[in-house]
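Since the model is a prediction, treat every value here as computed from it, not as a measurement. Protein chains get the first letters and strands the later ones, always in sequence-line order, with residue 1 at the start of each.
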Amino acid sequence: MRISKKFILSVLCFLLALILLSGILLYPVFNYELRNYRDANLRASLAGQIDYLFLGASHGVAAYQPVTVDAQLGTSSYNLSCQMMDWNSRIYMLEKELARNPVEHVVIEISYNALYRDETTEHAEGQALTVQRMDSLGEALRFMCNNVSVNDWLNIYSRLLISGVAQWMDLLKGDTTKQIQYENRGFYSMDSNTINLEEISGTNVHTEYLQENMLKLEQVLQMCRDAQAECSIVVVPVSDSLLYKSEGFDSFYEYMKGYCLEQGCEFYDFNLLRSRYSLFSDSYSFYDTVHMSDQGATAFSNAYADVMKRVKNGEPIDMLFYGSYQEMLQDSPHA
Amino acid sequence: MSITSLEFILFMVVVLCAYYIVPGKLQWVVLLCASIFFYLSCGIKTGIYVLTTSVTVYGATYWMQNISDKQKIFLRQNKEILSKEEKSRIKKANKHKRRWIMLAVLLVNLGFLCTFKYLHFAIDQINSVASLIGAGTINNSFSLIVPLGISFYTFQAVGYLVDVYWENIEAEKNYFKVLLFVSFFPQMTQGPISQYENLSKELFTPHKPSYINYSRGFQRLIWGFFKKMVVADFLSVYVADVFANYGNYSGATTLIGAFMYSIQIYADFSGYMDIMCGMCQIMGIKLPENFDRPYFSQSIAEYWRRWHISLGAWFKRYIYFAIGMSTWNRSLAKKCREKFGKHFSDTLPASVALVVVWLATGIWHGASWAYIAWGLVNGLFIIFSMWMEPVYQGVNNKLGIRQESQIWKMFRIARTFVLVTFIKVLPEVGTLSDGIGFLKNIFVSKVPFHSLAQLLPFINLGDFETLMQLAVAAVGVVLMFVFSVIQGKRPVRDCFNKIPMPVRVLILVCAVLIISIFGVRANWGTGGFMYANF
């Protein structure tokens, strides 16, 4: 009996100390808005106002500027994207915002590898960021139970602790510059860097798709239909250099065109914008080969709004886009 | 199921709870169910090979025991009637029968092992010869799914089989106990390889809950996870980089990579042992130790008495002594005494046995010429040291070197560590020529370095997170060293348990958090435990 009491006491002490120290480390993660994706309060403050949602991963979060698009279209949009956003997270976040906003249009970003990513190899990176976007600890736990495999709980815990340590260091330094800017409405501004063709070695893009991801995309499209919101699928631009050195885009483009026709939604591939070589430059429009810089995002957002305005007015837009990647690459500055 | 996953931790918790809930005499049944579940979770198809091993070994040992028992009863009953020659003839006949049973089952099980591990290698060699003589080649593109832990459980089962043949132990009558012995999940993937007479006492004896076992077992478990995940997994990425690109690195960088590998493999393998031994200790089960501060060895022979102890013990018991003490070997030694003197004849049987043991050890570790060379190099070093022992003693006496002096001991430890490291990397870089090229690069590389960044080009020293991880791993290595030094004088856990309980709990909680932050992250880039590949 003495041994059992000692054992129970030490187990309780251990668990209590673990919970306490974990809580201390995780405190800034759930109580401060020190990262761009910690937007639970922002989204809550906009509840009931959003009629246009942009949903994607890191390419989306760096490309779509709600303020720029809203100024042209008169919408009230929000960029719901997040770095490494997996499909379960997309579904969860979309469901939440559809439930509390009069959303009329949903844009789904699938830039180059969104449909190919195998989330089982990503060690819950996307889910860990989504957990930090929850309104409360309870919601975060519910999300984990329903959307994260048991094996990945340890990965999520680890990522949250790492995030917590990083954010404690920010707080201790008094560095609050990472606080999200409410006026950006989810958009994440990135610096410009010059992309050099010579530094790109071989193909590093995936222009294929996994069946499980296609099923999730279908689920997203169905959610939009159920909410009576229009849906379009968009590819945001990647750098000229990457496109020039990569293969497989045309077959993927044809596949997605066919898929969207079947599903009854619009498909816009902004890599094929005819004005891309004047609008976007590898010298200043990109942060890296696949993510747009702030300058590039402004140009893209304006171009996107222009296309959407024409669509709304019933104007033809086919002449605004190349017919294929092969055709587009003939005009490439690298050709 | 990965040992460093939450899945395995939850599995452990369930097993431990079930182990102590059931009555003592059913505890081994819990272990058996857990082992079967663990094995099947890694692949149902490969479970059939473990079953085959356990069934054949059980059948063979049961049969051999039956023959022995019947012989004993017959000889006892007919003690007065039978002559000495008749008794001898009966014993010889039964021994012959038992030998054939043992050999048949050995063939089946070692056949499985050789097929899965060495078939592709054998076909490659045949094809190389065939290409040379212009003959047709064999298709080698088919894939074989190697059963998990086949090297370890086969050796464990074979050891039991031979022990029963030698009549060192009686055969176990309960098949399920034999199945548990063969498939006991803490030992399945990386050992330690146990003998039946020792492990059976631990497995089949009821164990009562004990606070000391819980406490010390848990401490060891945490230490194992720390070594594996914070140290070994962190180093593995950089070691792989150095091994793959040594030609682009300076000699100093290559040397650092080699030392990092030594630390990595020790942290990985001993970390696994600590996890499993810790878990077993919580259940009151004592597994044999596999490491005894190997990097403090003063010679290669001593190193191999301290590294992967259970494998060395297995080879010693079932191969070394069998060959060393064999009649033909001893008569060879006798003949050599007349020609070459006492020292040579005394060491000859051991040398012959060592060549065979180290050839087998090299092959056991991997199906490649690099591993065979690695095994033979180890063996030759040990044999050479044995032969040169009188010469070394003479030189030391002439130079007035005191063997007991600390400086001399430290020199020998450093020398052995360097030698062992150089031998270790031989098969790990790739082919044998890659291994030789790697070692050559240490001494002849013309790539210069003028800064820390150039010395460690494979680590991004500008990245804060990497630096943090490097710092924590470095602290881990220092702790490993310090604990090893303390362990030489008294058990580290005795010192740790003198600390007040709240402080101990805090230290363990901090260790768990460090493992969660740095260890889980490092684990993302790796592919599991290194010795699991064997």
Exercise for the section: For the pair B:S516 (side chain) and A:S158 (backbone), establish whether a donor and an acceptor sit closer than 3.5 Å, ignoring hydrogens and angles. Expected result: no

Problem - Under 4.5 Å from any heavy atom of chain B - which part of A:L25 - result: side chain

Handout entry: With sequence neighbours excluded, residues passing side-chain hydrogen bond (donor to acceptor under 3.5 Å, both in side chains) with A:S241
Key = A:D282, A:H334

Problem - Point-to-point distance, once rounded to the nearest 0.5 Å, from CG of A:N151 to CD1 of B:I9 - result: 10.0 Å

Handout entry: Sole candidate of B:I515, B:T4, B:L6 that passes side chain to side chain contact (heavy atoms under 4.5 Å, CB included) when paired with A:L154
Key = B:L6

Exercise for the section: Please check if atom OH in B:Y238 has more than 12 non-hydrogen atoms from other residues, nucleotides or ligands closer than 6.0 Å. Expected result: yes

Exercise for the section: Select one option (side chain, backbone, both, neither) describing which atoms of B:F8 are under 4.5 Å from chain A's heavy atoms. Expected result: neither

Exercise for the section: Kindly check if the number of other-residue, nucleotide or ligand heavy atoms within 6.0 Å of CZ (B:F185) is above 12? Expected result: yes

Fill in the blank from the handout: Taken to the nearest 0.5 Å, the spacing of A:L18 CG from B:L506 CG works out to 11.0 Å

Handout entry: Under 4.5 Å from any heavy atom of chain A - which part of B:L10
Key = side chain

Please list, one pair per line, the donor and acceptor atoms closer than 3.5 Å that link side chains of residues 469-478 of chain B to other protein atoms, with sequence neighbours excluded.
{"residue": "B:Q469", "atom": "OE1", "partner": "B:R521", "partner atom": "NE", "Å": "3.1"}
{"residue": "B:Q469", "atom": "NE2", "partner": "B:F518", "partner atom": "O", "Å": "2.8"}

Exercise for the section: To the nearest 0.5 angstrom, please state how far the CH2 atom of A:W153 sits from the OG atom of B:S5. Expected result: 13.0 Å

Practice task
Could you check which of A:V11, A:L21, A:D152, A:L15 has the highest count of heavy-atom pairs closer than 4.5 Å to chain B?
Solution key: A:L21

Handout entry: A:S22 side chain near B:L513 side chain, heavy-atom distance below 4.5 Å
Key = yes

Handout entry: Plane angle bin for A:F14 and B:F218 - parallel if under 30°, tilted between 30 and 60°, otherwise perpendicular
Key = perpendicular

Completion exercise
Rounding to 0.5 Å, atoms CD1 (A:I162) and CD (B:E465) come to a distance of 7.0 Å

Problem - Residue pair B:M468 / A:V165, side-chain heavy-atom distance below 4.5 Å - result: no

Handout entry: Flag side-chain contact, heavy atom, 4.5 Å: B:Y211 against A:S10
Key = yes

